[in-house]
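Counting convention: from 1, in listed order, for ligands and their atoms alike. Bear in mind that the values here come from a model prediction, so they are computed numbers and not experimental data. Throughout, numbering of the chain's residues begins at 1 and tracks the sequence.
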Amino acid sequence: MRRYGASPLDPMQTVTITASPDHLASYDGQVAALVACNLLGRLSPSVQIGFHDIAIHPRLPWAGRSLTEHALGGMRAVDPFGNYGARPINTGDFRFHLGPDGHDALVHGSGWNAYIGQGPSPLPLITSDVGVGAALSVVLGAAHLFRTRFGAMTVPFVSNAWDWTNAPIVINFSPVGISLGHVMTAGFGSVGSTANYFLALATRDFRASLIDHDKVRVQNITRSPIFTDAHAKIDLVKVNAGATFLREVGVKDVDADPVALHESSLWNLRDSGSIDVLISAANEFNVRYHIEMGFPPIQLYATTGRNWQTTLMRHTPGAKACSLCVFPPDARFAPTTCATDGSSARQTTVEEERTDAALPFLSFAAGLMTAAEVLKLSARRYPLSPERVMLGLKDQPLLIGTPLPHRNGCLCESRHAGVHRSAIAGSRYARLACFEI
Ligand SMILES: [Zn+2]
């Protein structure tokens, strides 16, 4: 974190996670507890579990296991030298409380809604299992804790992950156990791995293809819910860490290709219509050029930015803005450039050079927003929000949705709509395409 210019939390300040018992017994409450332990354990080396142990919910991965043991094992795998344990709250601890009541400051999610602030929670009780609002509330709470250095949650903030607005919404659509089809992830760094983690919390009914050439390094551990200290020690390829995680939680059909997208047979040799959704979370080797020129299915991803914001993007086939409209190709890395001196071999990612890369809650926000969109794809009224949604976490949270404009002169202007339409024909979400011809 210091390497990236951010100052870590005081390691002597213990964070203790507590929870209202009724909330902890629910699916949403357990998602909140798992994500809180995972994220706070990466943000601070001093975290205690202050809630009573309970068996993991039957609809979650690891069902029936001890929640405390599972969560503690995860935290210790991230930082073997951290001070992690389970004990009641002590005087002087910072209390991170999950639930609609039970403490003056709350981190509460129910259904697609998330709330942080003073109790009691204003959220309507949603009884269907959703988990997404609960996970979002934890990300918001962690960002508040980091930004204010353990400050009080005095200003309330409500948001929902359904249409990404600041009002609570009564929606009973549950993504738990839903069938997603074939989800390809191009780029298994912080955002791609986090998106797959959140997908797997909700459902194991999908086929996963993971493409990334990179290895897990020590600076990757804090910003992905999947990578551990042991992965970094053996230089494990990121997609192999991801494939092992997905198989262990019960995703049966997992392919991992440890190469860049343009070299991947999973991408280059795919049959038309065989990929249902593309999580395009890579940003090197001119990847967006290769994606857009390859007639992609619907693309979902989120980027993280310098000002502690994450921006969710959706590119539907036939829509006026493709990803190259937003991120014009860099002439230096254009595929036509002659690269005989080997200089192209070390094209650092944009992410590596940014200070925001050190902020765990930001990559969790980006991965969660991406996963939430994938989980909503089969909802009857999808899409539910503008093509671009920005969540700012530098101050009091800010959520803004805006349409994406077309960029004049973009390569997508020469892309043949008929070819694109036939390339995605038969894919699960092809009905969302908006070709004019
Ligand atoms: Zn374009």
Side-chain angles (χ1 to χ4, degrees), residues 164 183-187 189 191-192 195 211 260-264 267-268 270 272-305 309-337 344 347 349-351 354 366 369-370 373-374 377 382-390 400-425 427-437:
W164 301 111
V183 183
M184 177 173 278
T185 305
V191 180
I211 303 171
L261 181 86
H262 66 279
E263 296 169 336
S264 173
W267 173 252
N268 291 327
R270 74 192 191 281
S272 60
S274 65
I275 301 167
D276 296 307
V277 53
L278 179 63
I279 296 175
S280 37
N283 52 14
E284 54 187 345
F285 299 120
N286 223 13
V287 67
R288 300 198 192 284
Y289 173 87
H290 295 289
I291 289 172
E292 296 298 346
M293 293 302 104
F295 301 100
I298 186 165
Q299 286 181 74
L300 297 163
Y301 58 95
T303 60
T304 59
Q309 82 274 22
T310 174
T311 308
L312 172 69
M313 305 273 191
R314 178 181 68 246
H315 302 291
T316 308
K320 63 182 189 294
C322 78
S323 65
L324 290 174
C325 289
V326 184
F327 301 100
D330 188 325
R332 285 174 301 166
F333 302 149
T336 49
T337 303
S344 68
Q347 295 168 353
T349 65
V350 175
E351 185 182 67
R354 293 189 314 220
M369 292 176 86
T370 304
E373 288 307 292
V374 176
L377 279 171
Y382 193 87
L384 306 149
S385 56
E387 293 157 310
R388 174 169 56 192
V389 177
M390 194 273 291
I400 300 168
T402 47
L404 283 177
H406 173 69
R407 182 175 59 82
N408 281 335
C410 182
L411 284 164
C412 65
E413 288 170 5
S414 61
R415 196 164 54 181
H416 194 282
V419 175
H420 199 173
R421 186 158 49 187
S422 66
I424 62 158
S427 72
R428 183 173 293 232
Y429 310 111
R431 66 181 159 78
L432 298 171
C434 40
F435 296 110
E436 283 173 6
I437 59 166

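- Contact annotation: the side chain of Cys325 never approaches that of His315 to less than 4.5 Å [non-hydrogen atoms, C-beta and beyond].
- Phe295 meets the ring-ring contact (aromatic ring centres under 6.0 Å, His included) test with His420; sequence neighbours excluded.
- Protein N/O/S atoms closer than 2.8 Å to the Zn ion (ligand 1): Cys322 SG, Cys325 SG, Cys410 SG, Cys412 SG.
- Taking the side-chain contact (heavy atoms from CB on, under 4.5 Å) definition, one finds that Val277 meets it with Val183, Ile298, Leu300, Val374, Leu377, Tyr429, sequence neighbours left out.
- Judged as a salt bridge (charged side-chain N to carboxylate O under 4.0 Å, His left out), and not counting sequence neighbours, Glu387 has no contacts.
- To the nearest 0.5 Å, atom CZ of residue Arg388 and atom OG1 of residue Thr303 are 9.5 Å apart.
- Residues Pro386 and Thr402 are not in side-chain contact: their nearest non-hydrogen atoms beyond the backbone lie 4.5 Å or more apart.
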